[in-house]
Visitor: 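Below: one structure in structure tokens.
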Amino acid sequence: MSALVPAADAAIARIDKARTLLAEAKSMIEVKQVIDMAAAAEVYAKRQKLSDEAIGYAHSIKIDALTRLGEMLKAGPKHEGGRPAQKTGSVVEPVSSPPTLAELGIDKKVSMVAQQLANLPDDMRQAVAKREATISQARKQVSEKQRADDLARPTETVLPVGIHRGDFRELAHMIPDDSVELVFTDPPYDEDSVELYEAAAKEAARILKPGGSMIAYSGQRHLPAVLAGMSKHLRYWWTIAGVHEGGNQMLQKLGIRCGWKPLVWFVKGTRGDVQNVLLDVVRGDREKFAHAWQQSQAEAEYYIRELCSEGGTVVDFFLGGGTTAAACEATGRRCIGFEVDASAIENAAKRLAA
Ligand SMILES: C[S@@+](CC[C@H](N)C(=O)[O-])C[C@H]1O[C@@H](n2cnc3c(N)ncnc32)[C@H](O)[C@@H]1O
């Protein structure tokens, strides 16, 4: 144990020296020397099984030095690929230019890591310096946050928020590209309506912001065809179980008493908000006052709250009795809804007015 103390002292002294040199460094070559010193000290500290503190100290100086190099590379001209040459008459003269990265002993990997560090926000870079995250974990978190922020950025929609009477396939083109955070919808479940799922997914792929979600109720019977049609346009993410609280439905011909319904979840690209963990079982009350096929408002509210930011836009291509619109109203989101049936629209309008 006593033999470890001088080793620790020697390592700390070397790291202190590297830190001082970094503070004074003006050129890339000096910074590169610090990177090499700190990296060697880190390896040494690990081999000698020194304290976590000593290893962490060397690591943090190495990360600081790499970051400085990354900043210098970003600010200065690129040297990779050799020096340019200058023509004087017919004679080609070498231009007096700074040394290339290769001449400085900075290989492509070091240069790439340095620039990645310089591009990280301060908090993520500190997490890397403290060994709480690797550079690739930090970069992944940054890009996920970027996607989530892009998704939440408000955009104007041309089609007014509210209920639109008619077939969504004829009207939804008025919604601009990449302007909607969530499509929450409930098409009819019969075999003839399977094609509507694909048409809805196609439109959703256009209007959703990258990372936006489409959730559609579906019956179990034609689920394979529904998934196949929607998968042509969006990325399948998950199937949610909506559990019937109002009693199970007897399907005599199939010999099944059905106690749940699928909500298929698709995403445009990939979810940027995976830190937001969602439940895949929802329970809602039986509500049939506005439409014979009415769904639970609590179910809609849950996914709207989680997958659309406040003030953001939700689209329902099959509005029925207006459950999605009512859920948007209750949660402070904007809803654009389509419905072909005039009496359903009347009920939905009354419901919203109430
Ligand atoms: C299952 S219901 C929706 C019920 C709704 N989720 C609710 O809670 O009241 C489906 C609705 O889609 C409407 N519909 C069917 N085809 C449509 C289309 N191409 N465009 C717009 N609405 C359509 C039907 O008239 C019906 O009211």
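Read the numbers this way: they start at 1 and go in the same order the structure lists the ligands and their atoms.
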Visitor: Could you work out, for atom 15 (C) of ligand 1, the closest of F289, W293, F318, F317 by heavy-atom distance?
Guide: F318
Visitor: Distance under 4.0 Å to a non-hydrogen atom of H291: what atoms of ligand 1 satisfy this?
Guide: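 It comes down to these atoms of ligand 1: 2 (S), 9 (O), 26 (C), 27 (O).
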Visitor: Assess the pair F168 and F317: is the distance between their ring centroids shorter than 6.0 Å?
Guide: yes
Visitor: Between S193 and D190, does any side-chain donor sit less than 3.5 Å from a side-chain acceptor?
Guide: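 Yes, D190 and S193 have a side-chain donor paired with an acceptor closer than 3.5 Å.
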Visitor: Only heavy atoms count here, so choose which of L171, D167, V340 is nearest to atom 22 (N) of ligand 1.
Guide: V340
Visitor: Could you check whether R14 makes a cation-pi contact with Y44, meaning its NZ or CZ is under 6.0 Å from the centre of the six-membered ring and within 45° of the ring axis?
Guide: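 Yes, R14 sits over the ring of Y44.
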Visitor: Using 4.0 Å as the upper bound for N to carboxylate O, is an ion pair formed by E30 and K26?
Guide: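 No, no charged N to carboxylate O under 4.0 Å.
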Visitor: Would you say V282 and V243 make side-chain contact, with heavy atoms under 4.5 Å?
Guide: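 The answer is no; the side chains never approach within 4.5 Å.
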Visitor: Yes or no: does G166 have any heavy atom under 4.0 Å from an atom of ligand 1?
Guide: yes
Visitor: Provide, to 0.1 Å, the distance between atom 7 (C) of ligand 1 and the closest protein heavy atom, together with that atom's residue and name.
Guide: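 Protein heavy atom with the smallest distance to atom 7 (C) of ligand 1: T323 OG1, 3.3 Å.
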Visitor: Is the number of heavy atoms from other residues, nucleotides or ligands within 6.0 Å of CD (Q252) greater than 12?
Guide: no
Visitor: Given that the side chain starts at C-beta and the backbone is N, CA, C, O, which of these parts of E339 lies under 4.0 Å from ligand 1, counting heavy atoms, or is it both or neither?
Guide: both
Visitor: So if I count the atoms of ligand 1 from 1 in the order they appear, which ones are less than 4.0 Å from some heavy atom of L319?
Guide: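 Counting from 1, the qualifying ligand atoms are 5 (C), 7 (C), 9 (O).
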Visitor: For atom 9 (O) of ligand 1, what's the nearest protein heavy-atom neighbour? Residue, atom name and distance, please.
Guide: G321 N, 2.7 Å
Visitor: Q294 versus ligand 1: do any nitrogen or oxygen atoms come within less than 3.5 Å of each other?
Guide: no
Visitor: Given E181, which of R333, R334, K209 fulfils the side chain to side chain contact (heavy atoms under 4.5 Å, CB included) condition?
Guide: K209
Visitor: Out of T185, D341, D316, D186, whose heavy atom is nearest to atom 10 (C) of ligand 1?
Guide: D186
Visitor: Could you check which of F338, F168, F184 puts a non-hydrogen atom nearest to atom 18 (C) of ligand 1?
Guide: F168
Visitor: In sequence, state the C-alpha distance, the side-chain angles, and the governing distance for W293 and D186, and then conclude on side-chain hydrogen bond (donor to acceptor under 3.5 Å, both in side chains).
Guide: CA-CA 9 Å; W293 298 329; D186 177 27; over 6 Å; no
Visitor: Under 4.0 Å from a heavy atom of R169: give me the atoms of ligand 1 that qualify, with their elements.
Guide: 19 (N)
